[in-house]
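What's counted below: heavy atoms across the whole structure, side chains too, no hydrogens, waters or symmetry copies. As the structure is a computational prediction, the values presented were derived from the model and not from experiment.
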Amino acid sequence: MDAFTCHGESQDVQGRNLGKLAVIAPMLERIKLKEIINQHIPADEQAEFDHGSILSLMLSARLYSPVAMSNIGEWAEKSGADIFSGIPIDKMNDDRFGRSLDAFFDQRHSILGAVALHVAEEFKVPLSELHYDPTHVLFEGAYNTAAKRDGVVGEDGFRTNATLEPAHITKGRGTDDAPQGALMIHVGLLSAVDEKLGPLPLFGHTIDGNQNGHTGIHEQTALIHEFMKLSHTTLISDRGTFSIGHMLRMHDVGHRIICAAPWGDLSSLFNTHRETLQWNQASFLSIEQHRRRDKSSGLPQEHYALAAVDHVFHDKTSGRSIDARVIFVFSTADRKVIRVQRVKQIGAIKAELLQIAASVSIGRRGTDRAAISKRIARVFGSKDAAKFFQWDLKLLSLEEKTAMVAEQATSGTKPSRNIDKVTHRFEWSLDEAMMLASAEDDGYSAMVTTVPEPEKSVDEIFSRYRLQNYVEHANHQLKGPLAIRPLFLHSPKRVESLVFLMMMGLTTYFLLQRTYRQNTPDDAPQVEKKTTAEKILRTFETYTILVYEHSPFLREVCATRLTSRQRDILNRLNFPTPSQTLRQRLPPLPDG
């Protein structure tokens, strides 16, 4: 029999979109974020709310839907975060949030390290192998108080927490997604990576916007040694971090490295051993290449080949040496990409140079050496093919100028009106021999490791390095869905605090994914095993709780029914339902 539906009287009830807080709040509790923060920041006896509660609320807001600090109160009213946090909406103001960010700044590294260690223990995350990858965070507007800082490691000692100023928001090097001269800082993330569970960012650090990977990894390793007390860890990183000094520093504290290295640093070693290298095909294949083999798509089946030599690196600064393995990598796919890219670059450069030569030949404005040099710089840019070209601006002799005028007069074409202004000719050439020699190295790259041969084979080393792709995904989440664009904060210290808070937000975000996948049965569909944190959070986007206003002094909060999918996710995460959480945090409705 169908249910009877009828119209009733309006009720004084409000729906609050608790949404993602249904999974964010219990995860933050399991991380013990509030407790760890309060352990490190002295309590203010005059404060109504401790810093752990305030900062946990701020982090919840960023994970839920990034909002400006001034809009957190409005968000809390719509979501019911005031009920879950126990902080009234009228107490959520910029001054209170700002004071907590200031206090957090003075203990940021200590808190981040303590959270990382607790997470590693609570969630059984191995720390024997960690990946480091830096990224940049862009800023707009003026940060007039931002200033260059002394680094973590200096001649006058070790600086951290309150003794280390915030990273300098300044002009940095242009990249694919950052114009030259954009204001930025760099954020280095240290992550544990599992091929099935994905990345888990655990620790991080910031450096000035105009510093590089060498500085980043030097400071990062000093900080993790201080705050995480790791032993026998292998640190994996990209070529921007490679140096002999990095290998020596890691060796001195009992750690090893797996690091990509600039080809220019090792090409001579490669050429020395080129004819005697023993190549073996790598077992690692990209997801796309696995798909091509499984589906017999007819598309090219690319692969990697590996060869290794033992090598002793000498540090000119200290005079020390260190033994390592150099792994040479050949990629059939990379070779194709490089060669197609080179043809495009050479074609584009040639077209531009021909235009420049034509402009100079008819005496157009802006064809002096200074102007031409600037134009060439724009044409060459960062193109690798630019190294094959040479150019010069040569002064015309009297005989050449006379011959040019005579040629125009006899050619039947109208003489250029700027003929008197033509003083130079533009010459350029393409070094084809150099281009052909360079092409011999297409598809080759190099890695260096201090992990000994019996412990991990060359094939295992390469496979572990390729997991760097997962860390790049974590960096994307930092700047994408979590929207770390703290443009509403004008104090560099508070900007830095927010960046560190968001590092813990990344940990929270990826712990949702990791925990869910860990508790997914082995016989579950593949798509279920690959469930992401984004999908988990999206499932709860429209979950609401109901608030009945019985009087100005009494309100009743009720949870609504979960969907079967929402209930399944909470069971998989081993989290309480919103109803159970409300029952735990709030007293029952008084009788009468």
With a 3.5 Å cut-off and no angle check, do the side chains of [X] and [Y] form a donor-acceptor pair?
| X | Y | value |
| --- | --- | --- |
| Glu302 | Thr332 | yes |
| Asp459 | Ser283 | yes |
| Tyr132 | Gln468 | no |
| Ser268 | Asn271 | no |

Kindly determine whether Gln390 and Ser429 satisfy side chain to side chain donor-acceptor pair (under 3.5 Å), including the steps that lead there.
-> CA-CA 5 Å; Gln390 295 80 39; Ser429 62; 3.2 Å; yes
Is there a donor-acceptor contact under 3.5 Å from the side chain of [X] to the main chain of [Y]?
| X | Y | result |
| --- | --- | --- |
| Thr450 | Ile257 | yes |
| Arg239 | Cys259 | no |
| His311 | Ala324 | no |
| Glu129 | Thr234 | no |
| Thr221 | Ile217 | yes |
| Asp208 | His168 | yes |
| Ser457 | Glu453 | no |
| Thr233 | His255 | no |
| Ser463 | Glu460 | no |

Spacing of [X] atom [atom1] and [Y] atom [atom2] [to the nearest 0.5 Å]:
| X | Y | atom1 | atom2 | value |
| --- | --- | --- | --- | --- |
| Glu352 | Phe380 | CD | CZ | 10.5 Å |
| Ile372 | Trp391 | CD1 | CH2 | 7.0 Å |
| Gln278 | Leu306 | CD | CG | 13.0 Å |
| His424 | Asp368 | NE2 | CG | 9.0 Å |
| Tyr64 | Glu541 | OH | CD | 8.5 Å |
| Ser191 | Leu467 | OG | CG | 11.5 Å |

Asp442 bridged to Arg339 by N-O distance under 4.0 Å | yes
Salt-bridged, Glu496 to Arg149, with N to O below 4.0 Å?
-> yes
Is [Y] close to [X] at the side-chain level, that is, under 4.5 Å between some pair of heavy atoms?
| X | Y | value |
| --- | --- | --- |
| Ile376 | Phe426 | yes |
| Phe270 | Trp263 | yes |
| Leu183 | Lys171 | yes |
| Lys383 | Ile349 | yes |
| Asp252 | Arg320 | yes |
| Phe510 | His473 | yes |
| Met250 | Leu235 | yes |
| Trp428 | Asp392 | no |

Which of these, Phe330, Tyr465, Phe462, sits in a ring pair (Phe, Tyr, Trp, His ring centres under 6.0 Å) with Tyr304?
-> Phe462
Work out which heavy atom in [X] is nearest to a heavy atom in [Y]; give both atom names and the distance.
| X | Y | result |
| --- | --- | --- |
| Arg342 | Ala439 | NH1-CB, 3.8 Å |
| Leu202 | Thr507 | CA-OG1, 4.1 Å |
| Lys196 | Arg517 | O-NH1, 3.0 Å |
| Leu63 | Gly505 | CD2-O, 3.5 Å |
| Ser321 | His314 | OG-ND1, 2.6 Å |
| Lys387 | Ser438 | NZ-OG, 3.7 Å |

I would like to know whether Arg274 and Phe328 meet side chain to side chain contact (heavy atoms under 4.5 Å, CB included); could you show each step before the answer?
-> CA-CA 10 Å; Arg274 187 169 198 151; Phe328 294 110; over 6 Å; no
Side chain to side chain contact (heavy atoms under 4.5 Å, CB included) between His218 and Val152, worked out | CA-CA 9 Å; His218 186 188; Val152 170; over 6 Å; no
Residue pair Asp238, Glu472: steps toward the side chain to side chain contact (heavy atoms under 4.5 Å, CB included) verdict = CA-CA 11 Å; Asp238 287 328; Glu472 293 171 7; 4.0 Å; yes
Kindly state whether the ring of Phe242 and the ring of His214 have centres lying under 6.0 angstrom apart.
-> no
Would you please test Glu219 and His205 for side chain to side chain donor-acceptor pair (under 3.5 Å) and show each step?
-> CA-CA 8 Å; Glu219 296 195 353; His205 178 53; 2.7 Å; yes
Taking atom [atom1] of [X] as the centre, report whether more than 12 heavy atoms of other residues, nucleotides or ligands fall under 6.0 Å from it.
| X | atom1 | value |
| --- | --- | --- |
| His225 | NE2 | no |
| Arg425 | CZ | yes |
| Glu455 | CD | yes |

CA sep, side-chain torsions, deciding dist, call: His303, Phe284, side chain to side chain contact (heavy atoms under 4.5 Å, CB included) | CA-CA 8 Å; His303 69 272; Phe284 173 85; over 6 Å; no
Trp279 and Tyr444 aromatic ring geometry - parallel, tilted or perpendicular at 30°/60° bounds | tilted
